[in-house]
Amino acid sequence: MKKIISVFVILIFTLSASAQWNYPATKTVDSSDTYFGVTYKDPYRWLENVKDSGTADWYKQQADYTNSIIDKINGRDELVAEWQKLDKLQPPGIRGRIYEGGRIFYKKTMPGQSIGKIYYRQGLSGQEILLFDPTTFIKGKKLTVQSIDPSYDGKKIAIAYSQGGAEIATIIIEDVDTKKILPESIYPSWGGVLSWTFDNKAFLYNSMRTGDHTSAEMELHERTKLHKIGDDVKNDIDFFGDESYPDLGITPDEEADVSLNKDSKNYIFGYLNTDREEFRCYYAPISQFNSGKIQWKILCKPEDKLVRSLVVIGDDAFAITYKDAKNYKLIHTSLKNPDWDHAETIMEEKKDETLESVTNSKDYLYLTYSNGIDNRIFKYDLHTHKVSEIKLPFSGTAGIFCLNTKTDDCLVAVTSWNKPFAEYSYDANKNIFSPSIFNKPAKYPAEYYNLEVKEVEVKGHDGAMVPLSIIYKKGTKLDGSNCCIMEGYGSYGYSYPPYFNILYNALAIKGVVIAIAHIRGGSEKGEAWYKAGFKTTKPNTWKDFNSCAEYLIANGYTSSSKLTGTGTSAGGILISRAITERPDLYGAAICNVGCANAMRMEFSPNGPSNVPEFGTVKDSVECKALYEMDGVQHVVGGTKYPAVICVAGWNDPRVIAWEPGKFAAAVQNSSTSGKPVLMKINYDDGHFTEDRKVTYENFAAQFAFALWQCGHPDFQLKK
């Protein structure tokens, strides 16, 4: 007889929370999947058909109901106003700087504004000139710039823009000197232009088969196309992909990208990307560029275990590897005969720090290390092979960026939990820091500099020591009376580095304790920490989170009724399973554009490329692991769940709305705590948005709901 695992335990004494909360009616259907002799029921499968008018109406009713409640909570609008006030105190924000043809191109957002505009200047001291304003480009349309890519001579710029936070972009070309938009327009593309050709007459770009973010075909068969300026887009060449190079074994879910490298002009580079950590790359002589059939050679394969950074200078390739180095090391080989098995070790792994990234300037490589909280940066002299540490202005999260690799003039940015973002110009030859000519430091009210930070390690369920960062107002009493918001992520090996977060810090000055759990699945403690929260070991991710919750409660930072857990995107696995395993630990939970239905994830538009990270139901072991990750599958009727708010971006191409939607439906129909379970839909947003106003309103609603449910006096229902 087949074993059956049900989503719900039907109890005759179950009292639905809908007795107190007038949720829109949510039907259940007789739907299930059977894998390897086990049947998994899925009564909310119908919510996946978001194009169906009845289904879309359910989401609209949920959104309207949620808004009707959120609108009654005090403190939400005041929180938005506080963030906007802080926003206006910041200097102009300059991001995405690119140096080509003596010109510097960048996106600039003015204080208090939501959308960045594209500018350029001739050299560092040149006059700033506006090139592209997305707020006026198409009347009545809300656009954001996804990427900018100037030609090597700096005379043309490719701009990729999208609408409504969807990220799927349209590519246009602007003549920099005349400011005229050229006739060609290319859609759909994820990421825009990959590289211009060295003669500045054509460019390579990412091409998608469909721009429908709800389609299962959205991320399949992505390829690189070649467009020649002035030609009809219909004639663009399929330059690199599973159809043009079937002999390479490119799978439909691999995004096939090609780029050229100014520091290594003799080669063409091809990259096959999924959410797999390890690089899979090819290369060929530049002489074959127009051959019609490039003879690709393997640069690296997943078995080489190259991750994080791959830097090529001339014939020299430098890469980070975890092979025989759990904290990562830097190795080198030659493109003349790449041999990663016998590569030269440039920097051995460090015992208590992980190698995060590598970049280069004219004469140096720059290696950024992390101890899980703070960064250190070292420079490696490409000529003398000597290594020295760069003494940073202060401790925190630090990054180094070199505009022009023909010089050794760089930019270094540093921030921390209680120290605002600061950017410096850095002369690598003289080891001198000076104020950046681009981004100036912000000056916030005095109370924002009065925040304490405590870094602790929490004993996990299996004895592993889990780092936990705690940020709170000086003088806070640890008597269990404080509301607390704890966030975690724990996927893809992404660490959660410290940075000055005005959204959280505005809550901290109101007495809210902020906690960041550095759980397994990230890489705060290296490759082993990542793989200890990966596929079959994924339960460590939410168990670590729950251990951190227990620590905060036991040490008086908060109490279970006042603790909110939150997870975003892949953090939806974390939060949906944290509260389904230990609902008693939390007063509220936020599942923000969260992956809460792991067993169905690979059937979502963005799902196929995520199989390397989370697994597939087609494999018996991975199927069981996905079941363990699945929040929807673990909702049990008759359980007293905390208050929950699920959030979806209707235009989200990464986590489709039905993942958090199905979780909200399941908890609404199952919880007996009497606490509300809401489904918020952002119809003008995607996975995230550059529009700060939309961002502030979105998170203010989430936090106001959670703090209302956790009893914060500033966030109660209006009388």
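Given the structure is predicted, the values throughout are model-derived calculations rather than measurements.
- In terms of modelled atom types and a separation under 3.5 Å, the side chain of Ser151 and the main chain of Lys156 share a donor-acceptor contact.
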Quiz item: Does the side chain to side chain contact (heavy atoms under 4.5 Å, CB included) test come out yes or no for His383 and Asp363, once each step is laid out?
Solution: CA-CA 7 Å; His383 308 290; Asp363 296 303; 2.7 Å; yes

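- Note on ring orientation: taking the six-membered ring where Trp is involved, the planes of Phe534 and Tyr530 are perpendicular (angle over 60°, cut-offs 30° and 60°).
- Side chain to side chain, Tyr322 and Asn327 fail the donor-acceptor criterion of an N or O pair below 3.5 Å.
- Ring pair Phe239/Phe289: centre-to-centre distance below 6.0 Å.
- Within the 3.5 Å criterion, the main-chain N or O of Gly372 finds a donor-acceptor partner in the side chain of Ser370.
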Exercise. Apply side chain to side chain contact (heavy atoms under 4.5 Å, CB included) to Phe318 and Leu382, showing your working.
Key: CA-CA 11 Å; Phe318 303 88; Leu382 290 164; 3.9 Å; yes

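- Between Glu423 and Ser436, the side chains place a donor N or O and an acceptor N or O closer than 3.5 Å (distance only, hydrogens not considered).
- With hydrogens and angles ignored, the 3.5 Å screen pairs no side-chain donor or acceptor of Asp263 with any backbone N or O of Ile313.
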Quiz item: Between Tyr496 and Glu524, does a side-chain hydrogen bond (donor to acceptor under 3.5 Å, both in side chains) hold up when you go through it step by step?
Solution: CA-CA 8 Å; Tyr496 201 126; Glu524 282 86 347; over 6 Å; no

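- Contacts classified as salt bridge (charged side-chain N to carboxylate O under 4.0 Å, His left out) and involving residues 242-253 (residues at least two apart or in different chains) are given here: Arg209-Glu243.
- No side-chain N or O of Tyr380 forms a donor-acceptor pair with one of Asn360 less than 3.5 Å apart.
- Ion pairing of Lys305 with Glu527 is absent here, as no side-chain N (NZ or NE/NH1/NH2) approaches a carboxylate O to less than 4.0 Å.
- Among all heavy-atom pairs drawn from Thr197 and Leu260, the shortest one is CA-CD1, 3.8 Å.
- Salt-bridge annotation for Glu690 and Arg95: absent, with no side-chain N of the basic residue lying under 4.0 Å from a carboxylate O of the acidic one.
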Practice problem: Apply the test side-chain hydrogen bond (donor to acceptor under 3.5 Å, both in side chains) to residues Asp408 and Ser361: give CA-CA distance (whole Å), side-chain angles for both, the deciding distance (0.1 Å), then the verdict. | Solution: CA-CA 5 Å; Asp408 292 317; Ser361 65; 2.8 Å; yes

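- Judged by distance alone, the side chains of Asp339 and Thr333 never bring a donor and an acceptor atom under 3.5 Å apart.
- A donor-acceptor pair is defined here as one N or O able to donate and one able to accept, closer than 3.5 Å; such a pair exists between the side chain of Ser147 and the backbone of Gly191.
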Exercise. Test ring pair (Phe, Tyr, Trp, His ring centres under 6.0 Å) on Tyr120 and Phe132 and set out the steps.
Key: CA-CA 10 Å; Tyr120 84 98; Phe132 182 77; over 10 Å; no

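- For Ser569 (side chain) and Gly571 (main-chain N/O), no donor-acceptor pair under 3.5 Å exists by modelled atom type.
- The cationic group of Lys443 does not satisfy the cation-pi geometry with Tyr448, failing either the under 6.0 Å distance to the six-membered ring centre or the 45° limit from the ring axis.
- A distance of 14.5 Å separates SG of Cys281 from NZ of Lys297, quoted to the nearest 0.5 Å.
- Using cut-offs of 30° and 60° for the angle between ring planes, the Phe240 and Tyr282 rings count as perpendicular.
- A side-chain donor-acceptor contact under 3.5 Å links Gln288 to the backbone of Gln295.
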Exercise. List the steps and the verdict of side chain to side chain contact (heavy atoms under 4.5 Å, CB included) for Lys362 and Thr407.
Key: CA-CA 5 Å; Lys362 177 176 175 288; Thr407 75; 5.5 Å; no

Side-chain donor-acceptor pairs under 3.5 Å in residues 391-404, sequence neighbours left out?
from	atom 1	to	atom 2	distance (Å)
Thr397	OG1	Pro498	O	2.5
Asn404	OD1	Lys406	N	3.0

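- Note on Glu622 versus Lys535: salt bridge recorded, some NZ/NE/NH1/NH2 to OD/OE distance being below 4.0 Å.
- Applying side chain to side chain contact (heavy atoms under 4.5 Å, CB included) to Leu367 and the options Leu330, Thr359, Val387 leaves one that passes, Leu330.
- For the 3.5 Å distance criterion, the side chains of Ser523 and Ser495 qualify, holding a donor opposite an acceptor.
- Nearest heavy atom pair, residue Cys300 against residue Phe279, reads SG-CB, 3.8 Å.
- Every residue two or more places apart in sequence or in another chain that forms a ring-ring contact (aromatic ring centres under 6.0 Å, His included) with Phe500 is listed here: Tyr444.
- At least one donor-acceptor pair closer than 3.5 Å links the side chain of Asn200 to the backbone N or O of Asp153.
- Asp236 has no carboxylate O lying under 4.0 Å from a charged side-chain N of Arg223, or vice versa, which leaves the two without a salt bridge.
- A salt bridge is defined here as a Lys NZ or Arg NE, NH1 or NH2 lying under 4.0 Å from an Asp or Glu carboxylate O, and Asp462 with Arg520 meets this definition.
- The two residues Tyr489 and Ala570 make their nearest non-hydrogen contact at OH-CB, 3.6 Å.
- Judged as a ring-ring contact (aromatic ring centres under 6.0 Å, His included), and not counting sequence neighbours, Tyr99 has no contacts.
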Quiz item: Could you walk me through whether Ile294 and Tyr245 pass the side chain to side chain contact (heavy atoms under 4.5 Å, CB included) check?
Solution: CA-CA 9 Å; Ile294 295 170; Tyr245 288 93; 3.4 Å; yes

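- With rounding to the nearest 0.5 Å, the separation of CG in Asn501 from CD in Glu487 is 8.0 Å.
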Quiz prompt | salt bridge (Lys or Arg N to Asp or Glu O under 4.0 Å) assessment of Lys323 paired with Glu278 | solution = CA-CA 11 Å; Lys323 188 174 183 179; Glu278 296 82 7; over 6 Å; no

Exercise. Evaluate ring pair (Phe, Tyr, Trp, His ring centres under 6.0 Å) for Tyr152 paired with Phe198, printing each intermediate quantity in order.
Key: CA-CA 7 Å; Tyr152 291 111; Phe198 291 128; 5.1 Å; yes

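- Residues satisfying the ring-ring contact (aromatic ring centres under 6.0 Å, His included) criterion with Tyr369, sequence neighbours excluded, are Phe378.
- Taking all atoms of both residues into account, the shortest heavy-atom contact from Ser264 to Leu335 is OG-CD1, 4.2 Å.
- Ring geometry for Phe203 versus His227: interplanar angle of 30 to 60°, hence tilted.
- Each of Glu255, Glu254, Glu303 was checked for a salt bridge (charged side-chain N to carboxylate O under 4.0 Å, His left out) with Arg280, and the lone residue meeting it is Glu254.
- Using modelled atom types, no side-chain atom of Asn273 and backbone atom of Asp257 make a donor-acceptor pair closer than 3.5 Å.
- Taking the ring centroids of Tyr494 and Tyr492, they lie under the 6.0 Å cut-off.
- Remark: the backbone N or O of Ile331 is not paired with any side-chain donor or acceptor of Trp340 at under 3.5 angstrom.
- The CH2 atom of Trp529 lies 15.5 Å from the NZ atom of Lys531; values are rounded to the nearest 0.5 Å.
- Leu355 CG to Glu348 CD: the interatomic distance, rounded to the nearest 0.5 Å, is 12.0 Å.
- By the side-chain contact (heavy atoms from CB on, under 4.5 Å) test, Ser309 is found to be paired with Ile320, Ser357, Val358, residues two or more places apart in sequence or in another chain being considered.
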